[in-house]
Amino acid sequence: MGFQDGMKQMFLRVAAGEVEPKEWETWWNSNRLKLEEALNRGDRGRIMPALWSANYYWMTKTQGGVAYYFHAQGRPVKTSGYYEEKAREEEIRARQKAMEAYHRKTASARRPWEESLEKHPTETISFDWKSLLGTPPGQKPAKVFSYKSARTTEQWKECGEELKLRLKENLQAKIAPAAKAYGMKKAGSKTFVREKNGLVSRIQFIGYFRGGGYEAMICYLCPIYAIQYGILGLPGHISQGEYFQKMRNGWGVIQHGTEAVDAAAVERINGKFDDILTFLADGMLPEWQKIDSLETYFAKERRDYLKATEKGPNDPRTGRPMWNLDEEEKPDPWRADSYLFGVWDLLAGKEAEGYARLEECVRHNSDYMKDRLKEFPNACNDPRDAMAVMYRNAQLFLETKEISDAQKRQNAIRETYEEVCRFMRYYHGLTKKTERNG
């Protein structure tokens with residue numbers, strides 16, 4: 001048998017998934033010169049890419065190149081899924097190994113945080129969230145559609161209405177019980193909020209601006225006086241880790257109302273809400289539960305731990321960090337952290353530091369706010385304009401600096417805090433509309 005025939009036999013074995021990576025690498029390297037003569041440059045590049053290494057991920061690329069080679073010759077071959085399955089298993093193991101290394105690396109920052117929590121234990125929530133997974137109880141049977149993609153106005157309307165029904169079913173059956181278990185109350189049909197010891201937590205599903213489903217889910221825990229933007233969020237492996245990535249992957253199934261919401265689509269929607277529930281109930285909500293006061297929220301141990309978890313381990317496939325929340329020491333564009341920490345410094349009696357932070361926040365946003373308020377004079381009192389609300393709050397706290405008497409200044413800071421929190425309860429959805437002056 002000549003080399004050409006032997007080569008094709010090897011290619012057929014690759015298509016069938018019968019050649020292991022090491023065997024393929026050895027065979028290719030042993031026949032490199034003959035292969036350069038037998039294959040054109042394109043085939044060589046597809047079958048043995050330049051970055052190829054002996055693993056199953058690259059064997060899927062080789063198998064694809066082999067399939068293309070036979071297809072171009074007019075004799076298509078059926079390929080086995082063996083390499084893809086082994087590549088998935090390989091990737092899972094590699095990611096697990098990378099995450100284990102990440103947790104070892106961040107352990108020195110995690111331990112002080114965990115030790116501080118042991119000194120101030122919080123209530124443990126016992127909630128069987130896994131029982132909510134799957135098909136919502138009493139879910140209406142899927143409709144049968146005569147089309148796949150909506151083309152007419154009536155079809156768009158029909159798809160949109162059906163999608164909203166399925167979203168409502170899942171929201172009520174899965175997300176609402178999880179939120180309630182953690183003490184959150186409804187603040188609208190798609191929003192859940194909670195106030196505890198000066199902190200507010202909020203989960204909100206944002207409607208897609210073109211109609212249809214949910215464009216995004218906003219989740220935050222922050223002091224009542226603050227807005228939802230700032231650095232003190234969740235550890236990176238929770239806020240951007242596996243559960244988050246799985247939740248975000250394929251989000252369009254609950255966003256766009258342009259496809260027939262048939263039985264298959266309903267199953268995908270149910271599955272996506274399973275992903276959302278898992279992210280919330282097995283990650284975010286338990287982490288929030290650990291933080292029961294402003295002191296815990298601003299604890300140095302927590303800040304150090306969050307800093308250590310900003311950058312994830314390298315993805316085994318891409319070589320890039322799985323997540324990277326590090327802003328490279330650049331200040332946030334709104335100076336929301338200057339406001340967040342500035343007010344906390346004032347409440348803690350660190351007036352010099354607090355006023356300096358607030359001055360930075362007001363100075364940075366002043367030019368923008370002058371133009372903004374000319375066009376929208378009431379922007380500072382509008383919950384839809386977070387930047388304007390924060391700017392006005394920072395101004396109010398900064399005005400107390402002009403009081404020369406120390407005791408009166410401290411009283412004014414406390415009164416300003418109470419007044420700002422009164423308005424911010426409305427901003428966060430904790431109370432009905434609240435007016436304020438200026």
Side-chain angles (χ1 to χ4, degrees), residues 109 112-113 116-117 119-120 122 193-202 220-235 239 287-308 310 325 327 329-365 380 386-403 406-425 427-428 430 436:
W113 167 233
S116 71
L117 291 175
K119 297 175 184 177
H120 304 92
T122 56
V193 293
R194 174 190 180 182
E195 177 183 351
K196 184 178 181 181
N197 297 334
L199 295 167
V200 59
S201 51
R202 181 180 173 104
Y220 63 85
L221 171 73
C222 70
I224 293 173
Y225 69 77
I227 62 173
Q228 61 269 32
Y229 304 102
I231 65 171
L232 294 184
L234 294 166
S239 64
E287 191 70 20
W288 279 359
Q289 185 66 12
K290 300 174 183 177
I291 307 163
D292 65 345
S293 68
L294 290 174
E295 288 75 17
T296 308
Y297 183 85
F298 285 102
K300 182 180 183 302
E301 294 86 354
R302 177 170 180 258
R303 284 154 46 190
D304 289 345
Y305 180 46
L306 292 178
K307 183 67 178 176
E310 283 181 336
L325 306 175
E327 297 294 333
E329 304 300 327
K330 294 180 181 178
D332 66 281
W334 285 14
R335 301 303 190 269
D337 290 329
S338 297
Y339 169 69
L340 175 69
F341 285 97
V343 175
W344 175 243
D345 283 340
L346 292 188
L347 296 176
K350 301 177 182 178
E351 293 187 7
E353 296 92 331
Y355 285 127
R357 293 180 190 273
L358 292 169
E359 284 173 346
E360 180 186 10
C361 176
V362 170
R363 181 174 59 253
H364 180 77
N365 293 303
C380 292
M387 186 174 181
V389 169
M390 179 191 70
Y391 177 81
R392 181 56 183 151
N393 292 349
Q395 277 186 321
L396 291 173
F397 281 106
L398 194 55
E399 288 170 4
T400 64
K401 183 182 180 182
E402 303 304 318
I403 302 174
Q407 186 58 54
K408 291 181 178 179
R409 189 168 59 252
Q410 278 296 311
N411 291 341
I413 290 172
R414 178 53 61 177
E415 291 171 1
T416 301
Y417 172 77
E418 296 296 339
E419 178 60 24
V420 166
C421 286
R422 186 180 72 86
F423 176 78
M424 294 302 288
R425 288 188 177 92
Y427 172 91
H428 294 298
L430 292 163
R436 70 173 175 182

pair Phe397-Tyr355: side-chain heavy atoms closer than 4.5 Å: no

dist Lys408:NZ -> Thr400:OG1 (nearest 0.5 Å) comes out at 14.5 Å

Looking at every non-hydrogen atom in both residues, tell me the closest pair between Ala388 and Cys380 and how far apart they are. O-SG, 3.6 Å

Is Glu195 salt-bridged to Arg425, going by a charged N under 4.0 Å from an acidic O? yes

Any chance you could measure Thr296, atom OG1, to Asn197, atom CG, to the nearest 0.5 Å? 8.5 Å

Quick one: do the Asn393 and Tyr339 side chains pair a donor with an acceptor below 3.5 Å? yes

Spell out, as yes or no, whether a donor-acceptor pair under 3.5 Å connects the side chain of Asn365 to the backbone of Trp334. yes

Residues Arg409, Glu351: salt bridge by 4.0 Å N-O rule: yes

Could you walk me through whether Leu325 and Ser239 pass the side-chain contact (heavy atoms from CB on, under 4.5 Å) check? CA-CA 10 Å; Leu325 306 175; Ser239 64; 3.7 Å; yes

dist Gln289:CD -> Leu117:CG (nearest 0.5 Å) comes out at 11.5 Å

Shortest non-hydrogen contact between Pro235 and Leu306, atoms and distance: N-CD2, 3.4 Å

Determine whether the side chains of Glu415 and Asn411 contain a donor N or O and an acceptor N or O closer than 3.5 Å. no

How about Leu430 and Val200: do any of their side-chain heavy atoms sit closer than 4.5 Å? yes

What do you reckon, is NZ of Lys196 surrounded by more than 12 foreign heavy atoms closer than 6.0 Å? yes

Specify the closest pair of heavy atoms between Ile224 and Cys421, including all atoms of both residues, with the distance to one decimal. CG2-O, 3.8 Å

Do Cys222 and Leu232 have side-chain heavy atoms sitting under 4.5 Å apart? no

Would you say that Arg436 contacts Leu396 through its side chain, given a criterion of any heavy-atom pair below 4.5 Å between the two side chains? yes

Stepwise side-chain contact (heavy atoms from CB on, under 4.5 Å) check, Val389 with Phe423: CA-CA 10 Å; Val389 169; Phe423 176 78; 4.0 Å; yes

Does NZ or CZ of Arg303 lie under 6.0 Å from the centre of the six-membered ring of Phe298, at an angle within 45° of the ring axis? no

Option from Glu360, Glu359, Arg363 for which side chain to side chain donor-acceptor pair (under 3.5 Å) with Ser338 holds: Glu360

Residues Ile403 and Ala412: closest non-hydrogen pair is CD1-CB, 3.4 Å

Would you confirm whether Arg302, through its side chain, and Tyr297, through its main-chain N or O, come within 3.5 Å as a donor-acceptor pair? yes

Taking the six-membered ring where the residue is Trp, are the ring centres of Tyr220 and His428 under 6.0 Å apart? yes

How would you list, by chain and number, every residue that makes a side chain to side chain donor-acceptor pair (under 3.5 Å) with Tyr427, sequence neighbours excluded? Gln228

Start with the C-alpha gap between Met424 and Ile227, add the side-chain angles, then the distance that decides, and say whether side-chain contact (heavy atoms from CB on, under 4.5 Å) holds. CA-CA 8 Å; Met424 294 302 288; Ile227 62 173; 4.3 Å; yes

Does the side chain of Asp304 come within less than 4.5 Å of Trp113's, by heavy atoms? no

Interatomic distance, CG@Leu398 vs CG@Leu358, rounded to 0.5 Å, equals 6.0 Å

Can you tell me how far the NZ atom of Lys350 sits from the CH2 atom of Trp344, to the nearest 0.5 Å? 9.0 Å

Starting at CG of Leu234, measure out to CH2 of Trp288 and round the result to the nearest 0.5 Å. 7.0 Å

Residues pairing under salt bridge (charged side-chain N to carboxylate O under 4.0 Å, His left out) where one sits in residues 289-299, two or more places apart or in two chains, turn out to be Glu287-Lys290

Does any N or O in the side chain of Arg335 come within less than 3.5 Å of the main-chain N or O of Arg357, such that one atom is a donor and the other an acceptor? no

